[in-house]
Number of protein chains: 2
Amino acid sequence: MNTTDEIEISQSEWETMRVIWTLNGASSKQIIAILAEKLGWKASTTKTYLGRLVKKGALSTTKNGREYVYQPLIEEQVAMNNATSGLFDHLCQHKVGPTLTTLINNVELSQSDIEELINELNQKAKTAPEMVKCNCLPDGCDENCEMEEMK
Amino acid sequence: MNTTDEIEISQSEWETMRVIWTLNGASSKQIIAILAEKLGWKASTTKTYLGRLVKKGALSTTKNGREYVYQPLIEEQVAMNNATSGLFDHLCQHKVGPTLTTLINNVELSQSDIEELINELNQKAKTAPEMVKCNCLPDGCDENCEMEEMK
DNA sequence: TCCTTTCGTTTACAAATGTAATTTATACTT
DNA sequence: AAGTATAAATTACATTTGTAAACGAAAGGA
């Protein structure tokens with residue numbers, strides 16, 4: 001089993017990780033200042049999350065003179081992929097398509113992002129089934145889903 | 001004005017909602033049986049979630065003779081959209097594209113889902129920027145990313 | 001009517017989370 | 001060296017979540 005996906009990161013911890021990932025490692029002072037400005041967190045609050053993330057193995061910390069520097073131990077893209085997969089595993093497979101459509105409609109994407117996505121989709125189309133069954137019930141819900149099919 | 005997005009649904013509660021959504025309303029007996037089979041939950045456990053969901057306003061319950069029937073008070077698609085937005089709001093905007101690519105690679109999509117998505121993407125391409133800035137830091141990270149000085 | 005089955009409700013309880021003050025160890029200043 | 005500023009660690013505490021047993025009310029069978 002991969003150890004990376006074992007690490008659960010809460011919402012607040014995500015916000016903490018984001019600044020460290022973005023700065024590619026940072027001192028507590030920097031992190032505290034940024035989160036105070038961005039989200040209004042008290043220094044103590046940020047320190048708590050920092051401590052928890054170190055304990056969880058998501059961050060490493062090294063003392064550099066008086067400063068403590070935090071480095072990510074997990075990659076942002078990997079963590080993001082785990083988080084999204086984790087969420088989508090709890091959603092009705094049958095409705096993932098429409099959900100993605102809405103999602104894509106709501107996020108910002110660059111030209112190259114879009115190009116990449118379309119590529120991926122064209123690839124996927126080659127072997128995609130005519131229909132995806134929902135997996136909300138133990139046996140599948142073919143009949144039930146069909147009924148809701150008209151929208 | 002929409003009350004729907006106020007409701008927070010935990011992972012376990014999601015699993016509970018899924019069966020009710022899929023069955024388009026169900027009796028506690030059914031729900032308990034299904035979740036016992038699918039996830040090995042004890043009857044008490046399912047009852048707890050049912051109770052919490054009713055209190056949260058995600059479900060309504062009506063006594064029908066000896067049976068209690070639970071009906072969803074929020075739409076599955078709406079809830080799914082809220083959940084995904086909620087997650088993506090905590091992710092680096094700059095990396096949303098690659099994350100979506102991986103996600104799409106990992107989920108099952110039907111031919112029509114794919115068609116729909118490609119449509120949406122083509123639409124989006126018309127006004128998409130060349131590049132998406134990350135919003136992990138208060139000011140955006142274009143400059144900050146390289147900024148390791150200052151103390 | 002009395003008992004037993006069956007629900008929903010109440011209570012339980014540990015772990016995780018959000019949020020932060022207090023304490024302790026330590027490096028810097030005088 | 002003593003005092004001060006500072007950073008991490010410890011402690012705090014209410015909520016939420018996962019998981020479930022126990023309790024009380026109601027309905028159906030005897």
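Remember, predicted model here, so these are calculated numbers, not experimental data. Order of the sequence lines fixes the chain letters, A, B, ..., with proteins taken first and strands second; residue numbering starts at 1 for each chain.
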Would you mind reading off the distance between Glu67(A) atom CD and dT26(C) atom C1', rounded to a whole angstrom? 14 Å
Residue whose closest nucleotide on DNA chain D lies nearer the 5' end, Gly40(B) versus Lys56(B): Lys56(B)
Side chain of Ser12(A), heavy atoms from C-beta onward: which of dT19(C), dA7(D), dG18(D) has the nearest atom to it? dT19(C)
Closest nucleotide among dT17(C), dT17(D), dT19(D) to the Ser10(B) side chain: dT17(D)
For Gln30(B) and dT6(C), what is the distance between atoms CD and P respectively, to the nearest whole Å? 16 Å
Using atom CD of Gln11(A) as one end and atom P of dT17(C) as the other, report the distance to the nearest whole Å. 10 Å
With a 3.5 Å cut-off and no angle check, do the side chains of Glu130(B) and Ser110(A) form a donor-acceptor pair? no
Rounded to whole Å, CG of Leu50(B) lies from P of dA20(D) at a distance of 15 Å
Glu116(A) side chain to Asp113(A) backbone, donor-acceptor under 3.5 Å: no
Is there a donor-acceptor contact under 3.5 Å linking the side chains of Thr62(B) and Gln71(B)? no
Whole-Å gap separating P (dT9(C)) and CZ (Arg52(B)): 14 Å
Rounded to whole angstrom units, what separation is found between the CD atom of Glu8(A) and the C1' atom of dA15(C)? 12 Å
Are OP1 or OP2 of dA8(D) and a side-chain N or O of Tyr70(A) less than 4.0 angstrom apart? yes
So, does Lys63(B) get its side chain near the phosphate of dT6(C), meaning an N or O under 4.0 Å from OP1 or OP2? no
Does dT17(D) have OP1 or OP2 sitting under 4.0 Å from an N or O in the side chain of Tyr49(B)? no
Counting distance only, does the side-chain N/O of Lys124(A) pair as donor-acceptor with the main-chain N or O of Ile114(B) below 3.5 Å? no
What is the distance, to the nearest angstrom, from the CH2 atom on Trp41(A) to the C1' atom on dG18(C)? 9 Å
Judged by modelled atom types alone, do Ser12(B) and Ser10(B) share a side-chain donor-acceptor pair under 3.5 Å? no
Sorted by chain and number, sequence neighbours left out, side-chain hydrogen bond (donor to acceptor under 3.5 Å, both in side chains) with Glu76(A) holds for Lys95(B)
Expected output: side-chain Gln111(A) to main-chain Pro129(B) donor-acceptor under 3.5 Å: no
Using a heavy-atom cut-off of under 4.0 Å over every strand shown, decide if Lys55(B) touches base, sugar-phosphate, or nothing. nothing
Check nucleotides 21-25 of chain C against the protein and report each pair of N or O atoms closer than 3.5 Å, with its distance, or say if there are none.
from: dA21(C); atom 1: N7; to: Ser44(A); atom 2: OG; distance (Å): 2.8

Rounded to whole Å, please give me the gap between CG in Leu39(B) and C1' in dA20(D). 16 Å
